Protein chains: 2
Amino acid sequence: MDRTNVDYQQDSLQKKLNKILQPTVGVLAPCPIRNILDRFSDKWSTLSIFHLGDAGTLRFNELKKRIDGISQRMLTVTLRTLERDGLVKRRMFPEIPPRVEYELTELGRSFLMQIIELGEWASDNSDQILKAREQYATREHSASAVKW
Amino acid sequence: MDRTNVDYQQDSLQKKLNKILQPTVGVLAPCPIRNILDRFSDKWSTLSIFHLGDAGTLRFNELKKRIDGISQRMLTVTLRTLERDGLVKRRMFPEIPPRVEYELTELGRSFLMQIIELGEWASDNSDQILKAREQYATREHSASAVKW
DNA sequence: CAGCATCCAAACAGATACTG
DNA sequence: CAGTATCTGTTTGGATGCTG
């Protein structure tokens with residue numbers, strides 16, 4: 001019986017969860033974790049960070065070309081937010097035509113390390129999730145079409 | 001000089017990124033990673049998972065009480081989606097009054113492990129991000145008020 | 001090239017009322 | 001208790017046109 005081991009893991013888990021959930025309850029912090037979670041909440045942020053981490057430094061249109069389907073407006077908005085949060089560094093060269101380069105900051109790279117693990121998890125478990133969806137779709141309420 | 005060490009890390013990073021970014025380009029997979037990333041994209045999903053992981057098993061209103069600010073509609077929608085994706089298990093007891101219990105599945109717990117790391121990161125780095133925002137706000141375009 | 005501004009459609013999410 | 005249904009205000013995000 002590896003009860004003690006399980007207990008230990010359970011304990012560690014509990015501690016971490018407390019640490020995370022604590023501030024969301026308190027009135028002191030206005031919006032601590034939630035605000036950060038919102039950052040990788042939108043797909044464009046995460047994709048931008050992935051690609052910047054992959055390429056190192058990219059100009060606006062280079063990045064746009066890599067992120068398939070993003071509009072120029074969304075890329076602008078996303079980059080501004082990431083810059084505001086200190087995850088992305090923006091360097092503007094006063095030339096004609098203008099050149100602007102983006103790259104991850106130190107903080108951005110440390111964030112990348114975190115979401116890479118998540119991306120891997122998603123990559124490894126997407127099959128299971130898709131299978132779960134199929135099962136759910138074909139379970140009684142089979143009428144509703146699966147559309148994605 | 002720890003060049004080799006850095007190079008190794010760089011290599012490993014590159015591989016992981018390729019693995020993650022690959023499918024988003026291909027036409028074969030309709031929406032692989034992006035669909036999963038969308039799951040923890042909305043804050044209610046992540047918060048629900050945190051709380052379910054913390055408590056083990058919870059009834060609908062117990063969960064609602066814990067997640068401060070969530071509307072009953074959003075909790076329903078969130079739980080349905082999580083159930084559909086196989087992250088949450090729902091058990092309905094045909095009693096009067098009705099009782100429904102929710103808990104994480106195996107897949108859900110493995111997902112929790114991932115986002116716990118992210119939650120910790122957020123908890124540890126929220127100061128830095130908030131500081132970055134302040135700096136950004138007071139840099140030239142100081143007119144725009146900071147509203148959160 | 002790298003954007004900003006505007007318009008508009010669609011998705012999201014809160015409030016409210018009702019039910020087995 | 002644990003929802004469903006509906007209505008509506010808000011946010012999001014694409015498309016388009018214009019600038020230094």
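Here the structure is a predicted model, which is why all the values come from computation and not from measurement. Chain identifiers are assigned alphabetically (A, B, ...) following the order of the sequence lines, protein sequences preceding nucleic acid strands; residue numbering begins at 1 within each chain. Reckoned from all heavy atoms, side chains included, excluding hydrogens, waters and symmetry mates.
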Any side-chain N or O of A:R59 below 4.0 angstrom from OP1/OP2 of C:dA2? yes

Under 4.0 Å between any heavy atoms, over every strand shown, what does A:F93 touch: base, sugar-phosphate, or nothing? Just pick one. nothing

Under 4.0 Å from OP1 or OP2 of D:dG3: is there any side-chain N or O of B:Y102 that close? yes

Could you tell me how far apart B:E95 (CD) and D:dG3 (P) are, to the nearest whole angstrom? 13 Å

Roughly how bent is the helix from C:dC1-D:dG20 to C:dG20-D:dC1 end to end, in steps of 10 degrees, with each end axis from five pairs? 50°

Assign each of B:K65 and B:T76 to its nearest nucleotide of DNA chain D by heavy atoms, then name whichever residue's nucleotide is nearer the 5' end. B:K65

Separation of atom CG in B:L75 from atom P in D:dT4, rounded to whole Å: 11 Å

Pairs touching residues 112-132 of chain B that satisfy ring pair (Phe, Tyr, Trp, His ring centres under 6.0 Å), sequence neighbours left out: A:F111-B:W121

Hey, what are the protein-to-nucleotides 13-20 of chain D N/O distances that come in under 3.5 Å?
unit_1 : atom_1 : unit_2 : atom_2 : d
D:dG13 : N7     : A:R73  : NH1    : 3.3
D:dG13 : N7     : A:R73  : NH2    : 3.2
D:dG14 : OP2    : A:S71  : OG     : 3.1
D:dG14 : O6     : A:R73  : NE     : 3.3

Is the shortest side-chain heavy-atom distance between B:E101 and B:L58 below 4.5 Å? no

Between C:dG3 atom P and A:M92 atom CE, what is the distance in whole Å? 8 Å

If the test is side chain to side chain contact (heavy atoms under 4.5 Å, CB included), which one of A:T81, A:T78, A:L104 qualifies with A:V88? A:L104

Please tell me if B:R90 has a side-chain N or O lying less than 4.0 Å from either OP1 or OP2 of D:dG3. yes

Do B:Q14 and A:D54 come within less than 4.5 Å of each other through their side chains, counting heavy atoms only? yes

Distance check needed: D:dA2 P versus B:E62 CD, whole Å only. 8 Å

A:R80 CZ - C:dG3 C1' separation (whole Å): 7 Å

Inspect the contact between A:E134 and A:K131 and indicate whether a charged nitrogen and a carboxylate oxygen are less than 4.0 angstrom apart. no

Whole-Å distance between D:dC1 P and B:F60 CZ? 11 Å

Separation of B:T105 OG1 from B:R90 CZ (nearest 0.5 Å): 15.0 Å

CD of B:E83 versus P of D:dG3: gap in Å, rounded? 9 Å

Test: B:R99 cationic atom under 6.0 Å from B:F93 six-membered ring centre, within 45° of axis: yes

Nearest-Å distance for atom pair CG/P, residues A:L58 and C:dC1: 15 Å

May I ask you to test the A:E83-A:L79 pair for a side-chain heavy-atom distance under 4.5 Å? no

Short N-O contact, B:E62 and B:K65, less than 4.0 angstrom: no

